[in-house]
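Chain identifiers are assigned alphabetically (A, B, ...) following the order of the sequence lines, protein sequences preceding nucleic acid strands; residue numbering begins at 1 within each chain. Here the structure is a predicted model, which means the values were calculated and not measured.
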Amino acid sequence: MSGREDEPHPPSIRHGLDELIAERRAKRERLRETDKTAFPYAFPGSTPIDELLAEYTHLQVGEETTEPQHRVAGRIVARRGAGKAAFFDLVDRTGKIQLHARVDVLGRKDFDELLSLDLGDLVGVFGVMLRSRHGELSLRIDDFQVLAKALRPPPDKHHGLTDVETRYRRRELDLIANEDTRRVFAQRARIVAAVRAYLDAHGFIEVETPILQALYGGAMARPFTTRHNALERDLYMRIATELYLKRLIVGGLERVYELGKDFRNEGLSHKHNPEFTMVEWYEAYADYNDEAARLEEVVAAAARSVDYAGELDFSAPWRRVTFSEAIAQRTGIDVLDHRDAEELRAAIAKLDLDVHINGDTWFQLADDMLGKLVEPTLQQPTFVLDYPVELSPLARAHRSQEGLVERWEAFAGGMEIANAFSELIDPDVQRERFAAQERLSALGEEEFQPYDDTFVQALEQGMPPSGGVGLGIDRLVMVLTGRDSIREVVLFPAMRG
RNA sequence: GCCCCGUUAGCUCAUCUGGUAGAGCGCCGGACUUUUAAUCCGGUGGGGCGGGUUCGAGUCCCGCACGGGGCACCA
């Protein structure tokens, strides 16, 4: 092959995007030839834009400084030519500043070169601060360097980028175009930092447990499988960190947490991504009531970290309602009075619901009632307590309620955000719970807790009474940033293809 | 996996019953020494992919891909 087919088309037959890219490539070559300082390897000593703006708030309208000269680096997002003067908007990670260029300061050659730059190009500028006649703090350009050429055009400078597919698949474009997106991910970072800071300050140590596991556990979910070639065996991606963290409690660490990704091979939705971020913490000598109070504190700290000012009131104590009360309040049915699938199904049928309640067993039906009828109504932070034992194979039996366990799920914004137990520490009971799960599996249930003998042996070593919590970070961020889709708070959400 | 809806220029959006697809921004050329969605003049660029019906398809039909919403599943 001659290679001719790989060469750019002649200008006469370029169209659309190809034409725009060709223009920018040509400009890049011109810059390389005419400006020896184009594309330096670094641009040290630049001042963040927000700091610069804060430093000069005292400037009066029309006032110009003559020193000191500042350096600023960023991306050109707007350009307004005005004959022998021109204005640019420059954006860095901290904000936006207007640049003022004058031909009598820069000279004809540099001025023309500056004006030939495209929206999206990265530049470093040197200059002094002024406040324009229209009152905007600006940097007058005394000199500049082109740091990088954008070969592809940026999204619309005014309307930004709204196409959700492009926003998620090309998140860099979303971040360039939408300040709101940049803010959300900065807030996410602050929330994660606040959760860690709280736990660190309360005697928890952060640990890391295996993501690749020979046996998955700690939640009801289908796992991803992968292959270890050297060991010639299949491995699972973790669906939860629970069982390993409890072994660390047995080991005497007493307060541990892990913040990281879990992987569940389930469908996608506005609140489900196949890989998602969870923090789980466990502490010895505490029960699920202690953990409810701790979650209130963790979430309050996270809310403070982003100056949350929305509709939800995270101040303690949050509303508490039992599993059966919550369902009864919505439907009039006390599921504990109908511990039989047919009987409960008949009671549900009388309700004339516009949603279908699914399940083969009474506890599956009851769980679906909670999920479909109650959960969407739980906007303000709420604990739902005391779940059926069949739904919770790792939770300790309720101290006073037969057939229930000491478990709560926390809801906010109509969505589950956390789950906790008084942990089951009796190895014999745990063994029997696993056996019950295996019987469910034999009946065709795809999601169950596989028998984990290593974990049971750990319990046999003696585990202190403990409480543990799993808090969904993505959903917490959704609630605290007011987003209604998990894709808005995950930088690169799972997409088909 | 199933159901419904969507896909028009680099971006944001128009386009009545099938009859030559428009605009703004951007980009190219020109004017302008305080603009800020700068302005003014001229120019440039397009129907997701593959079939079908028709004299003629962005428009009607079928398939595919991708996206959104819902269901199933799940935290």
Quiz item: To the nearest Å, how far apart are A:I21 CD1 and B:C28 C1'?
Solution: 16 Å

Quiz item: So which heavy atom on A:R330 is nearest to which on A:L373, and how close?
Solution: NE-O, 2.9 Å

Exercise. Scan side-chain atoms only and decide if A:E280 and A:T241 contain a donor-acceptor pair under the 3.5 Å cut-off.
Key: yes

Quiz item: Base, sugar-phosphate, or nothing: which does A:G371 touch, judged by heavy atoms less than 4.0 Å apart?
Solution: nothing

Self-check item: Distance between C1' atoms of B:G70 and B:C55 (Å, rounded)
Solution: 43 Å

Exercise. Could you measure between the two C1' atoms, the one in B:C11 and the one in B:C16, and give it in whole Å?
Key: 27 Å

Quiz item: What nucleic acid atoms does A:Y168 come within less than 4.0 Å of, heavy atoms only: base, sugar-phosphate, or nothing?
Solution: sugar-phosphate

Exercise. Please measure how far the C1' atom in B:G68 lies from the corresponding atom in B:G29, and state the result in whole Å.
Key: 42 Å

Self-check item: Closest non-hydrogen atom pair between A:A101 and A:F88, with its separation
Solution: CB-CE1, 4.2 Å

Practice problem: Would you classify A:G472 as touching base, sugar-phosphate or nothing, given that sugar-phosphate means primed atoms plus P, OP1 and OP2, and contacts are heavy atoms under 4.0 Å? | Solution: nothing

Quiz item: B:G67 P sits how many Å from A:H270 NE2, rounded?
Solution: 17 Å

Quiz item: How is A:M495 classified with respect to the nucleic acid when contacts are heavy atoms under 4.0 Å: base, sugar-phosphate, or nothing?
Solution: sugar-phosphate

Quiz item: What nucleic acid atoms does A:N273 come within less than 4.0 Å of, heavy atoms only: base, sugar-phosphate, or nothing?
Solution: base

Quiz item: Expressed in whole Å, how much space separates the P atoms belonging to B:U8 and B:U59?
Solution: 13 Å

Quiz item: Which part of the nucleic acid does A:N358 contact within heavy-atom distance under 4.0 Å: base, sugar-phosphate only, or nothing?
Solution: sugar-phosphate

Exercise. Would you kindly give the CG-to-C1' distance between A:L130 and B:U33, to the nearest whole Å?
Key: 14 Å

Quiz item: Base, sugar-phosphate, or nothing: which does A:S132 touch, judged by heavy atoms less than 4.0 Å apart?
Solution: base

Quiz item: Regarding A:T481 and A:Q187, is there a side-chain donor-to-acceptor distance under 3.5 Å anywhere?
Solution: no

Quiz item: Is the distance from OP1 or OP2 of B:A31 to the nearest side-chain N or O of A:K84 less than 4.0 Å?
Solution: no

Quiz item: Between B:U33, B:G67, B:G26, which one does the side chain of A:L20 approach most closely?
Solution: B:G26

Self-check item: Rounded distance in Å between the C1' positions of B:C32 and B:U39
Solution: 9 Å

Practice problem: Just do the side-chain hydrogen bond (donor to acceptor under 3.5 Å, both in side chains) check on A:S485 and A:E488 with the steps written out, would you? | Solution: CA-CA 6 Å; A:S485 171; A:E488 294 293 333; 5.6 Å; no

Quiz prompt | Earlier contact from the 5' end, RNA chain B, for A:L161 and A:L115 | solution = A:L161

Exercise. Indicate whether OP1 or OP2 belonging to B:U33 is found under 4.0 Å from a side-chain N or O atom of A:R108.
Key: no

Quiz item: Between B:A37 and B:U44, how far is it from one P atom to the other, in whole Å?
Solution: 29 Å

Self-check item: Rounded interatomic separation in angstrom, taking CD1 from A:I76 and P from B:G26
Solution: 14 Å

Practice problem: Assign A:R24 to base, sugar-phosphate, or nothing according to its heavy-atom contacts below 4.0 angstrom with the strands shown. | Solution: nothing

Quiz prompt | Identified pairing partner of B:G67, criterion: Watson-Crick or G-U wobble below 3.5 Å | solution = B:C5

Exercise. Name the nucleic acid region contacted by A:K372, choosing base, sugar-phosphate or nothing; use a 4.0 angstrom heavy-atom cut-off, strictly under.
Key: sugar-phosphate

Quiz item: So what's B:C55 paired with, Watson-Crick or G-U wobble, going by both distances under 3.5 Å?
Solution: B:G19

Quiz item: Contact class for A:R487 vs. all strands (heavy atom < 4.0 Å): base, sugar-phosphate, or nothing?
Solution: sugar-phosphate

Practice problem: Select base, sugar-phosphate, or nothing to describe what A:R264 touches, counting heavy atoms under 4.0 Å on all strands. | Solution: base

Practice problem: Classify the nucleic acid contact of A:D262 as base, sugar-phosphate or nothing, counting any heavy atom under 4.0 Å across all strands shown. | Solution: nothing

Quiz item: Of the nucleotides B:G68, B:U33, B:G45, which one has an atom closest to the side chain of A:A85?
Solution: B:U33

Practice problem: Rounded to whole angstrom, note down the C1' distance from B:G58 over to B:U20. | Solution: 14 Å

Quiz item: Considering only heavy atoms and no angle criterion, is a donor-acceptor pair shorter than 3.5 Å present between the side chain of A:D156 and the base of B:G10?
Solution: no

Exercise. Report the distance from atom NE2 of A:H356 to atom C1' of B:A72, rounded to the nearest whole Å.
Key: 11 Å

Exercise. In plain terms, say whether A:D163 and A:R170 are close enough for a salt bridge, that is, a side-chain N and a carboxylate O under 4.0 Å apart.
Key: no

Quiz prompt | Whole-Å gap separating C1' (B:A72) and CD1 (A:I357) | solution = 13 Å

Quiz item: Can you check whether A:K157 has a side-chain N or O nearer than 4.0 Å to OP1 or OP2 of B:G26?
Solution: yes

Quiz prompt | Phosphate contact (B:G68 OP1 or OP2) by A:S485 side-chain N/O below 4.0 Å | solution = no

Quiz item: Among the nucleotides B:U44, B:C27, B:A37, which one has an atom lying closest to any side-chain atom of A:H159?
Solution: B:A37

Practice problem: Determine the contact category for A:L17: base if any of its heavy atoms lies under 4.0 Å from a base atom, sugar-phosphate if only primed atoms, P, OP1 or OP2 are that close, otherwise nothing. | Solution: sugar-phosphate

Self-check item: Nearest atoms (heavy-atom pairs only) where A:E423 meets A:E242
Solution: OE1-OE2, 3.3 Å

Practice problem: State which residues pass ring-ring contact (aromatic ring centres under 6.0 Å, His included) with A:F87; sequence neighbours excluded, sorted by chain then number. | Solution: A:H100

Practice problem: For the side chain of A:E23, starting at C-beta, report the closest nucleotide among B:C73, B:C66, B:C27. | Solution: B:C27

Quiz item: Roughly how many Å is it from CD in A:E165 to P in B:G69, rounded to a whole number?
Solution: 12 Å

Quiz item: RNA chain B: A:D368 or A:P153, which has the more 5' nearest nucleotide?
Solution: A:P153

Quiz prompt | Residue matched to B:G24 through Watson-Crick or wobble contacts both under 3.5 angstrom | solution = B:C11

Quiz prompt | Nearest-angstrom distance from the residue atom CG of A:L139 to C1' of B:U34 | solution = 15 Å

Exercise. May I ask you to evaluate whether A:R496 reaches the phosphate of B:G67, defined as a side-chain N or O under 4.0 Å from OP1 or OP2?
Key: yes

Quiz prompt | Touch class at under 4.0 angstrom, heavy-atom based, for A:E64 against every strand present | solution = base

Self-check item: Identified pairing partner of B:U33, criterion: Watson-Crick or G-U wobble below 3.5 Å
Solution: none

Self-check item: B:U15 versus B:G22 - spacing of their C1' atoms, nearest Å
Solution: 7 Å

Self-check item: Minimum heavy-atom distance between A:S422 and A:Y288, given as atom pair plus value
Solution: OG-N, 2.9 Å

